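Below you'll find the structure, written out as structure tokens, and then a few comments.
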Amino acid sequence: MENTINNCANFADALRLKPQKDGIFIGRVHGFPLGLKFIDPSGPMVLLIHARHWLSAEEVREKTLDYESEVKTLIADKKLEIEIDDRIAWFTFVDGVRCVANQVGIRLLESVLQTFAAAGFVGDPEVCHYCRKETVKSVECIEGKAVQICRNCYAEKVDKKLTATPENSAEVIPIFLTSPFAALAGAGLWAVCWMGYTLLMGRLNSGTIYVPQFLMLVVMFCIAFLVGGPVGWIIKQNRKRGKAVSKFAAILFGSLAVFGGEVIYLAWLIWRSYHVFSLNVALHVLPDYYANNDLIFLLTKLGVAVVCVVAAYEIATPKEPKLKL
């Protein structure tokens, strides 16, 4: 493994790429801003490389790329994958260990980049790739990608990202109008799941039943996502929702779904014994029910409840807009 790591370092050095955080190396090769990452260097390593070019997706489709024979063979054998997107190209060398061991990957990469250059994929190597006017001497690593951008263009991209980011309180009214219905649905699902659990355990009380812990965990996570999922999903439907209000609503209504489900479940237990269904009575006896129940059972329920809220939280939380680079 140590030998492979040394080979990786030598490989990056030979391309004059500089290490960045998250294991990414960046630099400029044959005029192309380039990023390199070694995927699983301790195992069957893969080289993931991206290179910036000047062409749009429409312009790329109009180009005919004539790779050298060895590159064509590797592509045919699925040992090299080349995907060309809008102003960025991705290269995946499957046999990464061999590529870095004898540095054959450098020659292949340079061959592909030379083919790109011959097809007009690159212009002035020291000019901003966006305005194509300002001189940019170095390649930067932004959000895990190699970027050649001037200060003005970068500031413009950041402004667009901030504009696309909703305020923390955005969509507060529709979220708080619709989330109670999702919490009610979650409460019903919580009650039904634990009713089913109670009935199943009642039928199996004739002997000792050994249930694999993994299976129990799967069942508990399924219950959690069934209950928390509707809350997170209904909040997620508000596309321009704010981050703070989404997180608060997810925690609040996810917790209410669990609490409401417990009340319904306890009302069902009372009905089984006394044939009287009353949510009000269930609410009043809830503290005694917890105080006199099996601790392991209650801790299991608490764990599932926490996962319910976490599931709603994760689903509801909006992703931050990325810089369009």
Side-chain angles (χ1 to χ4, degrees), residues 21-22 24 35 48 50 52 55-61 83-90 129-131 140-147 149 152-193 220-261 304-325:
K21 63 179 182 180
D22 300 327
I24 298 173
L48 181 60
H50 65 272
R52 294 282 181 175
L55 303 185
S56 65
E58 293 75 16
E59 291 171 317
V60 168
R61 283 193 288 268
E83 296 181 14
I84 308 174
D85 296 327
D86 190 16
R87 293 181 172 80
I88 191 169
W90 296 89
H129 274 223
Y130 299 90
C131 67
E140 302 292 334
C141 183
I142 303 176
E143 295 191 351
K145 294 191 180 81
V147 182
I149 187 170
N152 291 335
C153 289
Y154 180 69
E156 183 181 342
K157 297 288 183 182
V158 171
D159 287 342
K160 287 183 178 180
K161 175 184 175 180
L162 293 175
T163 302
T165 303
E167 294 182 2
N168 279 324
S169 60
E171 300 293 316
V172 60
I173 293 177
I175 285 175
F176 275 81
L177 285 176
T178 56
S179 294
F181 297 100
L184 184 61
L189 288 167
W190 175 276
V192 168
C193 288
M220 296 308 171
F221 271 95
C222 287
I223 295 174
F225 278 93
L226 278 173
V227 177
V231 175
W233 182 84
I234 202 70
I235 296 172
K236 188 177 181 179
Q237 301 316 298
N238 298 276
R239 303 296 181 186
K240 297 182 179 180
R241 64 194 183 280
K243 181 176 286 189
V245 69
S246 298
K247 290 179 177 180
F248 178 78
I251 294 172
L252 173 63
F253 292 104
S255 302
L256 288 176
V258 172
F259 179 76
V304 177
V306 170
V307 179
C308 285
V309 176
V310 171
Y313 181 92
E314 291 296 329
I315 295 172
T317 301
K319 295 181 180 179
E320 287 190 11
K322 293 186 177 181
L323 288 173
K324 293 184 178 181
L325 297 170

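Predicted, not measured: the structure shown is a model, and the values here were computed from it.
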Residues in side-chain hydrogen bond (donor to acceptor under 3.5 Å, both in side chains) with Glu143, at least two apart? none
Return the set of residues passing side-chain hydrogen bond (donor to acceptor under 3.5 Å, both in side chains) with His129 (not counting sequence neighbours), or none when no residue passes. Trp54
Identify every side-chain donor-acceptor pair in residues 247-261 under 3.5 Å, counting partners at least two apart or on other chains, and give the distances.
residue	atom	partner	partner atom	Å
Ser255	OG	Ile251	O	2.7

How close do Val304 and Trp190 get, heavy atom to heavy atom, and via which atoms? CG1-CZ3, 3.7 Å
Side-chain donor-acceptor distances from residues 223-245 under 3.5 Å, at least two apart:
residue	atom	partner	partner atom	Å
Gln237	NE2	Trp233	O	2.9
Asn238	ND2	Ile234	O	3.4
Asn238	ND2	Ile235	O	3.3
Arg241	NE	Ala316	O	2.7
Arg241	NH1	Lys236	O	3.2
Arg241	NH1	Asn238	O	3.1
Arg241	NH2	Ala316	O	3.3
Lys243	NZ	Glu320	OE2	2.9

Is there side-chain contact between [X] and [Y], with at least one heavy-atom pair below 4.5 Å?
{"X": "Ile84", "Y": "Leu55", "value": "no"}
{"X": "Tyr130", "Y": "Lys157", "value": "yes"}
{"X": "Ser246", "Y": "Thr317", "value": "no"}

Apply salt bridge (charged side-chain N to carboxylate O under 4.0 Å, His left out) to Glu156 and list each qualifying residue two or more places apart in sequence or on a separate chain. Lys160
Identify all side-chain donor-acceptor contacts of residues 161-171 below 3.5 Å with residues at least two apart in sequence or on another chain.
residue	atom	partner	partner atom	Å
Thr163	OG1	Asp159	O	2.8
Thr165	OG1	Lys161	O	2.8

Output for pair (Thr178 OG1, Ile173 CD1), nearest 0.5 Å, gives 11.5 Å
side-chain contact (heavy atoms from CB on, under 4.5 Å) evaluation trace for Ile142 with Tyr154: CA-CA 10 Å; Ile142 303 176; Tyr154 180 69; 3.6 Å; yes
